[in-house]
Amino acid sequence: MKTVLVICEVKFWRDLRDGLAEAGVGFLGFDKKTPNRSEIEKLVAQADFVVIKNLNVAHHSVRFAKEAAKLTDTPFWIGSNFGVETILMKLSNVFPKENFTVNSPSVKIKVKRPTSAQKRAIEPLFPEEKGKVKLSAKKKNFPLKTALKEVKIDDDDVDFAKLFKP
């Protein structure tokens, strides 16, 4: 069983630890704001492979791990964004005799539940009443309503001067 030292933010450890455990790979993690060189050297000595994330990690951690890996001839890889698949791919490149495959698929299919907005039918925004003009009940515009009642257009030739007398 190979062991991987992962130097990255703590919030990614659970997914990486679970994914590597399914593939039969041990996990060591390191994330400190003020790293100690001896701590990193001990962890690198325990690990068979070192993976370093160079985003949001203390620069000294990256430098100390890189130097310790070079001194102990431990293979290492520095990346900015990676997951379990990337780590397993790099491990299979470094240790070709080993088989690093995930035994059980950990793909979780999320079932999308219908929300209340999807359950109810979409009502049309504008009702299809062409003959009736409805004014809102909140705003009562009586002068406009009475003016519109008097206006009747029957002919094709409309004399607007007669309709709108001052």
Side-chain angles (χ1 to χ4, degrees), residues 1-130 132-141:
M1 181 173 151
K2 298 293 181 184
T3 305
V4 176
L5 169 63
V6 179
I7 298 176
C8 72
E9 297 174 86
V10 177
K11 62 183 176 182
F12 300 114
W13 285 6
R14 182 174 183 173
D15 294 335
L16 294 175
R17 183 176 52 233
D18 294 344
L20 291 173
E22 288 178 6
V25 178
F27 176 84
L28 295 172
F30 185 82
D31 181 28
K32 283 190 176 178
K33 298 290 181 195
T34 56
N36 188 354
R37 184 185 293 268
S38 62
E39 284 179 306
I40 293 177
E41 287 176 354
K42 287 178 188 177
L43 289 172
V44 170
Q46 293 175 1
D48 298 312
F49 187 68
V50 179
V51 178
I52 305 167
K53 185 173 185 178
N54 62 358
L55 292 176
N56 300 328
V57 177
H59 296 292
H60 295 298
S61 301
V62 175
R63 192 181 85 212
F64 293 160
K66 189 175 173 182
E67 290 172 1
K70 285 181 180 178
L71 286 176
T72 58
D73 291 329
T74 305
F76 67 94
W77 178 71
I78 300 174
S80 61
N81 194 6
F82 54 83
V84 176
E85 297 82 17
T86 308
I87 294 174
L88 292 176
M89 184 182 68
K90 297 294 181 184
L91 272 173
S92 62
N93 290 344
V94 174
F95 304 106
K97 295 177 184 176
E98 298 283 332
N99 184 15
F100 300 107
T101 57
V102 178
N103 298 334
S104 62
S106 64
V107 177
K108 297 178 184 177
I109 300 172
K110 293 185 180 180
V111 177
K112 198 172 189 182
R113 296 181 183 161
T115 60
S116 61
Q118 292 173 344
K119 287 180 184 176
R120 63 180 176 208
I122 298 173
E123 298 176 6
L125 296 175
F126 300 104
E128 296 185 18
E129 298 177 16
K130 294 181 181 178
K132 298 180 182 177
V133 175
K134 256 189 169 177
L135 296 175
S136 69
K138 292 180 182 177
K139 294 183 180 178
K140 296 186 178 184
N141 198 347

Applying side-chain contact (heavy atoms from CB on, under 4.5 Å), run through Val6 and Phe12 and close with a yes or a no. CA-CA 10 Å; Val6 179; Phe12 300 114; over 6 Å; no

For Met1 against Gly24, the heavy-atom pair lying closest together: CG-O, 3.3 Å

Sorted by chain and residue number, the salt bridge (Lys or Arg N to Asp or Glu O under 4.0 Å) partners of Glu85 (sequence neighbours excluded) come out as none

Closest non-hydrogen contact found for Lys32 with Ser61 is O-OG, 3.9 Å

I'd like to check Val94 versus Trp77 (side-chain heavy atoms, cut-off strictly below 4.5 Å). Are they in contact? no

Test item: Lys90 and Phe82 side chains (from C-beta on) under 4.5 Å apart, heavy atoms: no

Residue list, salt bridge (Lys or Arg N to Asp or Glu O under 4.0 Å) with Asp18, at least two apart or on another chain: Arg14

Shortest non-hydrogen pair, Glu41 vs Ala68, comes out as CG-CB, 3.9 Å

Any side-chain heavy atom of Arg63 sitting closer than 4.5 Å to one from Lys66? no

Might you point out which heavy atoms bring Cys8 and Trp13 nearest each other, and give the distance in Å? O-NE1, 3.4 Å

Does a side-chain heavy-atom distance below 4.5 Å link Leu20 with Leu88? yes

Nearest 0.5 Å, what's the CG-CZ distance between Asn36 and Phe30? 7.5 Å

Between the CD1 atom in Ile78 and the NZ atom in Lys53, the distance rounded to the nearest 0.5 Å is 14.0 Å

Reported CG-to-OG1 distance for the pair Leu43 and Thr3, which is rounded to 0.5 angstrom: 11.0 Å

Exercise: identify the closest heavy-atom pair between Asp15 and Val84: O-CG2, 3.7 Å

Just how far is it from atom CZ of Phe49 to atom CG of Leu5, taken to the nearest 0.5 Å? 10.5 Å

Closest approach of Ala47 and Thr74, non-hydrogen atoms and distance? O-CG2, 3.8 Å

